[in-house]
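Presented below is the structure to which this report refers.
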Amino acid sequence: PRWLHCGSAFCKNKSDSEELQKIVENEPQKNDRSLVTHDDLFERTSKDSKTKASFNKVVEVFSKKDIRRRGHVEFIYAALKKMPEFGVERDIAVYNKLLDVFPKDVFVPQNFIQKMFNHYPRQQECGVQLLEQMENYGIMPNVETKVLLVQIFGKKSHPMRKYQRIMYWFPKFRNANPFPVPRELPKDPVDLAHFSLTRIANDLDATVTVYQHPLTDITETGEEISQPHIVGIQSPEQRALLAKHNPNRPVFVEGPFPLWLRKTCVHYYLLRAEPVPPEEKLEEELDPELVGPEQSLFYPQLLSLDLNRDLGDDDSFDIDEVEEGPVYAMCMTGGGDQATLAHWICRLQETNPILGRVPTFFRLEAGSGELQTAAGVQYNPGQNPQAGPEMEHITEQEAARSQGMKQ
Amino acid sequence: MNLSRITVWSRAATLGKGVRLAAGVRRTGEEELATHLQPRRLIVSSARSLAYAKDLFLGKLNKNEVFPYPEISHEELEEINQFVPPVEKFFREDVNSKKIDEEAVIPQATLTGLKALGLFGIQVPEEYGGLGLSNTMYARLGEILSLDAAIAVTLSAHQAIGLKGILMAGTEQQKAKYLPRLASGEHMAAFCLTEPGSGSDAASIQTRATLTEDGKHFVLNGSKIWISNGGWADIMTVFARTEVLDADGQKKDKITAFIVERAFGGVSSGKPEDKLGIRGSNTCEVTFEDTKVPVENVIGEVGGGFKIAMNILNSGRFSMGSACAGMIKKLIEMAAEYAGTRKQFNKKLTEFGMVQEKFAIMAQNAFVMESMAYLTAGMMDRPGLPDCSVEAAMVKVFSSEGAWVCVSEALQVLGGVGYTKNYPFERFLRDCRILQIFEGTNEILRMYIALTGMQYAGKILTGKIKEMKRGSVGVVLEMLGKKVHGSLRRNQDLGLTGQDGLVHPSLTESAKMLEENAVLFGSTVESLLYRYGKTIVEEQLVLKRVADTLINIYAMTAVLSRSSRSISIGLRNHDHEVLLANNFCKEAYFKNNYWLVQLQKGSPENNDANIKKIAQAVLEKRAYICSHPLDRTY
């Protein structure tokens, strides 16, 4: 049986769900020819709970009310739009169910002329749209999707092509990111800091230390003390670099710098120094007896030849290297105030005694430094995620040791 | 030239033992050192440039260095033939290797027996109570000692490195004071160089010796690890940093060698390491805490310890060739015994081609190692101070790796039985794994072999290469002419074969292969120097191929020289030697050609780039990073 597709507004419905039935029956009376009718359908059925179950219910009701599924294209468009609201935008089963709304065999081209021309373009476009939404949410179609598409549109239709393209590219891109962020981030701020710091440092030798656990306590006097977490990371290499730091030159605590993990933004602080000026650089002198030619105890590490690498074998690139100062450590904390960060430096001093002799400056930008989620702040690259203008208040402090004593 | 060679080879024939003849030679410090080492062979001939391996880097085959194969005098041969049977008997009857391995200790009775045989002072001169044997004869004894690896390691830690410092660079007083008791085995020696922070990096030696205020003592502080005989040794050669004023009057840290007695105090040794093999030998950490060492106990000069350490290690490595050969000969006997009696499918194991191949591999390896070891020992026994460190390193690399293959093949002949502790194969397998590690790992030695040659060739070729780079037409044309000439006349003639050839005619084909390889090697080295210059130090994969090719060329030389001699003087079974030599040369020739062709390519073509990428990816994550084959994406 073939029919020309007609608007959804004229459907007459029977339904077994009582509540829904009413709604659906009321529908034509509204005399509204726009898509909103289906939006309403979703709105009205799920006033209190927007869940997968209620979404499926609506789809079921629609499928059953009319054998001919009149208005299914509009219904599917409306459903696609509503999916994120119901939290089912990443659910392959729901997409398949939605696809199942299409009547089967009707749109499959029967002869070469139909095949040649765009057979049932609206329906095909709707199918493609559905697949595209799946694609945007990174949902991989499964075998069921394929079977449905073949049943609905045939083997060489546009939705089928779309399906094939998705199936070609998706697996290839799936693991393209060498630093994947899990979909579910750790809830505990300490764990999150641990994850973020190891992600930034990307150094297997680096050790994460929890310098302070988050704590909220009420003292006897009734005062509420809250202690923010301080989680830091430092590698042995950084420790060695710091040990060689010239104690007359200051080190800086800088931050907060943002790090985005999917839709979450966290902030971190750096302990760094200015680049060493060239006149202070010490070239480590190697004893030619120990590393030079004719060395047989261990092999020669340099030859005394006046020959350089031939251009033909010089595979190095010409890179302009901009020298930056060394970063000695990183941390994340629940409170970005100076006292908290001074406490971090103080604890760092336990493994890096040199910090006691080096003047430490705090260059902190204003900002809470608290964990912000996309719900709270929409990230806008043009705008500083921290409220307020860029206020760099440089607080000059005595040496960190005196800091530590104050604590 | 020929005449002088004859005098050298028939060395000492007319000379009594221990006669010192040093007439007509300006005895420089180094030569003096040599005469201390070889007190018995003191013929002095014209100074020779002993650089067979190094000259190969220039494409030159210094055939007079290696032909004819070195011989020992009748007296020496007689002496060693008298000496060997009692040692063999002792090892056969009185050494229980299985027990030594299980209990991880060498019984006192066994040690006493070894001392009685004089095996604690094989190379110590007779005047100090040792046997005073030459390197060649030391190698011969090594063949027997290697039947028990734990004993071999203990003895070589004692005399090949432990007391070698005193022997090579010690003063008369030091020798007189220490050598007699060391030679008798009353005292055991150890060699303390390695430190926790300086596994393969001497520059990071931390042990420090500070001169006391009165200037009479050094105070030694620090700890040394993996010291063979560390728990037993009474006398130790210790290397430590000392402050030395250099030419500009600035203070510098230099390494100095000391003789340290345990009796000086402050010396403590840790728990013996529990090892995979050579379990009977004692390996432990030795710590020095404010040990007072008299200044008289400095070996050589203050600050000159590094050279001493190098010379000690260089001179000890060659004996590994004969030791491995001795072990393989024993393995062949044991495995052949089994293969000859065991029947499968109504056939003896010996009738199966694949089993036969294993024996051929073992025999060939033993033959090549033996040839290399005694050629090198013979070179080292020559008067003067022959620098055979590259050759010795090649012997060590080749024989340690060959031994591993052979033990594994021998074990395979026995199959599951060989895997059990009922047979000694598994013990040999465990024991011989250390050979590739100690006395300089094979990786480090390969670098040493290749880079020493590169330095040598580089010095000579720098001018020419610079001319070429500058585009000097004359040099380029000359080079091109040489190349064309070489490619037209495939057979290079370096004078090994033909009318006045040094190689026996039945080995002509192999000799031709050697010549071809040597010439191609020389031109490859030149192109490598042209391409990499001094940065070749960074190209370890290139250097590995250079070293491997050189080792093969040296091995080819050794077998050709040895079997030519055997045929010429009609030794028993010399036809078998010819067979082995020809077979080995053919194999080595193909391998060399493959490596040399790879060396002429760039890193993308010869797979080096891929190897580096693979390793980088793995090491970045410190794990195997491939997805599991059962994983799926949809």
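Below, chains carry the letters A, B, ... as their sequence lines are ordered, and counting in each starts from 1. Please read these numbers as outputs of a predicted model, since none were measured by experiment. Just so it is clear, the values below take in all heavy atoms, side chains as well, and ignore hydrogens, waters and symmetry mates.
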*For the pair B/Arg622 and A/Asp205, find out whether any cationic side-chain nitrogen is under 4.0 Å from an anionic carboxylate oxygen.*
yes

*Salt-bridge criterion met for A/Lys162 and A/Glu135 (N-O under 4.0 Å)*: yes

*Kindly assign one of parallel, tilted or perpendicular to the pair A/Phe102 and A/Phe153, based on the angle between their ring planes and the thresholds 30° and 60°.*
perpendicular

*Between A/Gln234 and A/Tyr328, is there a donor-acceptor pair closer than 3.5 Å when you use the side chain of the first and the backbone of the second?*
yes

*asked:* Please identify, among B/Arg632, B/Glu538, B/Lys459, the residue contributing the most non-hydrogen atom pairs under 4.5 Å to chain A.
replied: B/Lys459

*Among the options B/Glu439, B/Glu443, B/Glu539, pick out the one with the most heavy-atom pairs lying under 4.5 Å from chain A.*
B/Glu539

*Identify which part of A/Asn142 has an atom lying under 4.5 Å from any heavy atom of chain B, answering side chain, backbone, both or neither.*
neither

*Using the salt bridge (Lys or Arg N to Asp or Glu O under 4.0 Å) rule, pick out the option among B/Lys534, B/Arg531, B/Lys469 that qualifies with A/Asp310.*
B/Lys469

*asked:* For B/Ile536, which atoms come within 4.5 Å of any heavy atom of chain A: side chain, backbone, both, or neither?
replied: side chain

*Part of B/Ser627 lying under 4.5 Å from any heavy atom of chain A*: neither

